[in-house]
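What follows is one structure encoded as structure tokens, with my remarks underneath.
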Amino acid sequence: MDCIFCKIVAGQIPCDKVYEDEHVVAFLDIAPITRGHTLMVPKSHAQDLATTPAEVVDAMMRTLKKVAPAVMRATGAPAFNVGINNGAAAGQVVMHTHFHLIPRSAGDGLQPWPHLQYGPGESRQLAETIAAALT
Ligand code: 5GP
Ligand code: ZN
């Protein structure tokens, strides 16, 4: 399969690895949003969150929890964002599911996302639609 993250997992393409276990590899993003920007990548290929087995998502999250304090200690960043670009419309470019860990510091210049406002009753109706879609 022509997947850049599968090639990194297989050692066919080098990476700046910070952690590896049975299920997950964590390595520095080649084009970081901030210094220390780290990717949690499962060893098994899955395109997105929906097709990633729950136990693999658990392992990705456990890796994130383990790696985050080390990234903060190493970079001096007091905070971080976690991101998943899930699907092309959300900005996913590498179609092998992954979490982004992005160290954050006051004054780093990254802008928060803008917010919308719901109209009257709109959020209740949407919540009910989402809840119904879960059953
Ligand atoms: P996405 O937009 O798919 O969520 O993010 C993919 C990320 O992978 C990007 O931030 C990009 O910089 C990073 N990336 C793409 N190719 C490589 C690579 O070959 N090595 C590393 N370390 N990161 C990569
Ligand atoms: Zn892959």
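Atoms within each ligand, like the ligands themselves, are counted from 1 in listed order.
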Is any side-chain heavy atom of Ile8 closer than 4.5 Å to one of Val41?
no
Identify which of Ile33, Ile30, Asn86 has a heavy atom lying nearest to atom 14 (N) of ligand 1.
Ile30
His96 side-chain N/O to Pro42 backbone N/O, donor-acceptor pair under 3.5 Å:
yes
If we number the atoms of ligand 1 from 1 as shown, the ones under 4.0 Å from a heavy atom of Phe5 are 8 (O)
Knowing that exactly one of Thr38, Asp21, Leu101, Val25 qualifies, which makes a side-chain contact (heavy atoms from CB on, under 4.5 Å) with Thr63?
Asp21
Of the backbone atoms (N, CA, C, O) and the side-chain heavy atoms from C-beta on, which set of Leu39 has a member under 4.0 Å from an atom of ligand 1: side chain, backbone, both, or neither?
side chain
Looking only at protein heavy atoms, identify the closest one to atom 15 (C) of ligand 1 and say how far it is in Å.
Val94 CG2, 4.0 Å
Could you say whether the N/O atoms of Gln92 and ligand 1 ever approach to under 3.5 Å?
no
With heavy atoms only and a cut-off of under 4.0 Å, state how Asp16 meets ligand 1: side chain, backbone, both or neither.
neither
Under 4.0 Å between heavy atoms, the region of Ile8 that gets near ligand 1 turns out to be side chain
Any idea which protein heavy atom is nearest atom 1 (P) of ligand 1, and the distance to it?
His98 NE2, 3.3 Å
His45 atom ND1 and Cys6 atom SG as seen from the Zn ion (ligand 2), angle to 10 degrees:
110°
Residue that, paired with Phe99, satisfies side-chain contact (heavy atoms from CB on, under 4.5 Å) out of Val24, Val57, Leu39
Val57
Against ligand 1, does Cys15 come closer than 4.0 Å with any heavy atom?
no
Cys6 versus Gln12: any side-chain heavy-atom pair under 4.5 Å?
no
Tell me whether ligand 1 is touched by Ile13 - counting only heavy atoms on the residue side and a distance under 4.0 Å.
no
